[in-house]
Number of protein chains: 2
Amino acid sequence: MQPEISDHIFYSFLTGGFCASTTTSSFYPFTIEDTIAQDKALASVRNHKEAERRRRERINYHLSKLRYLLSCNSKTDKATLLAKVVQRVKELKQQTLEISNESLPSETDEISVLNFEDCSNDNDDHRIIFKVSFCCEDRPDLLQDLMEILKSLRMETLFADLTTIGDRTRNVLVVAADKGHHGVESVHFLQNALKSLLERSSKSVMMGRSGGGGEMLKRRRALDHIIMV
Amino acid sequence: MQPEISDHIFYSFLTGGFCASTTTSSFYPFTIEDTIAQDKALASVRNHKEAERRRRERINYHLSKLRYLLSCNSKTDKATLLAKVVQRVKELKQQTLEISNESLPSETDEISVLNFEDCSNDNDDHRIIFKVSFCCEDRPDLLQDLMEILKSLRMETLFADLTTIGDRTRNVLVVAADKGHHGVESVHFLQNALKSLLERSSKSVMMGRSGGGGEMLKRRRALDHIIMV
DNA sequence: GGGAACACGTGAGTC
DNA sequence: TGACTCACGTGTTCC
């Protein structure tokens with residue numbers, strides 16, 4: 001425990017009281033005024049001390065909450081904890097941004113096929129799992145064509161997320177393929193099939209379209225309504 | 001600026017040096033050993049002081065980063081800042097949890113229809129905007145039936161997000177209705193139409209299904225692959 | 001003047 | 001031992 005220096009102040013006040021009692025000509029070393037001033041000074045020091053203690057408690061209280069939120073050991077020092085908090089906030093911000101962006105179709109056509117062979121669990125060791133996602137112009141037969149592609153490749157759809165806004169669509173699928181029929185190289189089959197799917201789309205859109213600017217504006221306005229939600 | 005108490009230590013070391021130079025019988029008040037010890041003591045105090053200063057700087061550096069991330073005024077005090085950080089981390093955690101939950105179909109059938117009449121901007125003052133979302137068993141004709149419902153109600157789809165995993169599907173749509181044909185009460189039309197849609201689903205599913213546990217497991221396994229992504 | 005917030009140097013404890 | 005963290009009381013500054 002640290003010595004309280006307020007005692008030192010008190011003592012120096014005492015010595016001062018003996019030497020220079022200038023306010024009155026009293027015989028007593030301490031006048032009432034001195035006592036009052038002394039009390040006030042002590043009270044001031046005490047208040048200051050306690051306010052500072054409360055401030056420290058307030059700060060440490062929130063730090064303990066952050067320790068809990070980040071499931072940090074109580075032995076993690078303050079600076080490291082705060083560094084982790086900074087990192088976590090950044091991550092979470094980025095994550096929400098990505099989710100809201102990735103879930104909407106992009107303006108440009110895109111195709112992505114990934115295989116999860118390495119990640120497949122024991123239940124699925126006889127199957128290969130692919131994650132397929134693509135953005136393109138929307139058209140009535142798109143979904144049907146996609147289903148036929150997957151059917152012809154003997155792939156089962158485990159998960160599908162189809163997002164359409166205005167004339168653009170973004171489709172994400174998780175599909176399973178039997179290892180008897182497919183290997184890792186099937187990624188290319190899928191990619192090529194999707195490429196032809198998108199080419200068919202752009203052809204039909206090109207022929208049927210009158211102008212490009214209108215759809216863009218329409219989508220922009222539709223977007224306003226979604227973001228408002 | 002605060003007085004450096006190391007000076008006091010230094011001076012008390014000096015006085016001590018005069019009174020008790022016990023290590024040697026030298027005439028001089030300070031021996032070489034004393035000087036070395038004195039240097040070491042001073043260096044120790046200085047190191048301690050500087051280490052503590054670096055520690056404070058480290059902590060304050062991360063706090064300034066957090067101030068920036070939360071776009072807080074530089075005059076926001078530490079305790080308030082940390083309180084806001086706690087709140088923000090909680091919010092972001094909750095948000096990402098909700099997004100990942102809300103975007104997946106629930107086990108129970110649900111219907112929700114909201115109108116955005118109050119939020120509609122100037123471009124759409126002649127239209128009413130509805131947000132429609134529902135969860136139910138998936139079936140091949142569901143989408144077609146849904147489109148027919150919207151067509152019969154003369155509603156245009158601005159946005160659609162259709163998520164299917166295993167045998168469950170979650171559909172979110174933002175639709176626009178002309179004010180000439182529709183008012184706020186059209187919410188009920190939509191709700192009833194969706195209700196009949198879901199009833200049709202449950203009937204066909206009930207008749208065609210053999211057992212319930214298998215689908216659940218299948219979905220569970222499909223979910224594993226998505227979460228791995 | 002007085003409360004609030006901060007930086008500082010220091011003693012104590014830990015590894 | 002030394003390097004490090006923490007709580008503490010204090011001096012200072014700003015409203």
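Side-chain atoms are counted along with the backbone in the values below, which use heavy atoms only and exclude waters and symmetry mates. Convention: sequence-line order gives letters A, B, ...; per-chain numbering from 1. Just so we're clear, the structure is a prediction, and the values are computed from it rather than from any experiment.
- Looking at residues two or more places apart in sequence or on another chain, you find a side-chain contact (heavy atoms from CB on, under 4.5 Å) between B:Arg56 and B:Glu52, B:Arg53.
- Contact check, A:Lys40 against C:dG1: no side-chain N or O comes under 4.0 Å of OP1 or OP2.
- Here the CG-NZ distance, from A:Leu81 to A:Lys78, works out to 10.0 Å after rounding to the nearest 0.5 Å.
- The base of C:dG3 lies outside donor-acceptor range of the side chain of A:His48, with no N or O pair under 3.5 Å.
- Going from atom CD of A:Glu52 over to atom C1' of C:dC6 covers 8 Å, rounded to whole Å.
- Of the residues in residues 56-69 of chain A, those lying under 4.0 Å from DNA chain D by heavy-atom distance are A:Arg56, A:Asn60.
- Distance B:Lys49 NZ to C:dT10 P: 6 Å, rounded to the nearest Å.
- Not counting sequence neighbours, the partners of B:His182 by the side-chain hydrogen bond (donor to acceptor under 3.5 Å, both in side chains) test are B:Ser186.
- Atom CZ of A:Arg55 is separated from atom P of D:dA7 by 12 Å (rounded to the nearest Å).
- Checked against side-chain hydrogen bond (donor to acceptor under 3.5 Å, both in side chains), A:Asn47 has no partners two or more places apart in sequence or in another chain.
- For A:Thr108, the side-chain hydrogen bond (donor to acceptor under 3.5 Å, both in side chains) test picks out A:Glu110, with sequence neighbours left out.
- Shown here for B:Leu158 and B:Ile129, the closest heavy-atom pair between the two residues is CD1-CD1, 4.0 Å.
- For the segment residues 75-83 of chain B, the set of residues with a heavy atom within less than 4.0 Å of an atom of DNA chain D is empty.
- For the pair A:Asn47 CG and C:dG2 C1', the computed distance is 9 Å after rounding to whole Å.
- For B:Arg170, there are no salt bridge (Lys or Arg N to Asp or Glu O under 4.0 Å) partners at least two apart in sequence or on another chain.
- Residues meeting the side-chain hydrogen bond (donor to acceptor under 3.5 Å, both in side chains) test with B:Thr80, sequence neighbours left out: B:Asp77.
- Residues passing the salt bridge (Lys or Arg N to Asp or Glu O under 4.0 Å) test with B:Arg67, sequence neighbours excluded: none.
- Here the P atom of nucleotide C:dT10 and the CD atom of B:Glu50 are 12 Å apart, to the nearest Å.
- The distance from atom CG of A:Asn73 to atom C1' of C:dC15 is 14 Å, rounded to the nearest whole Å.
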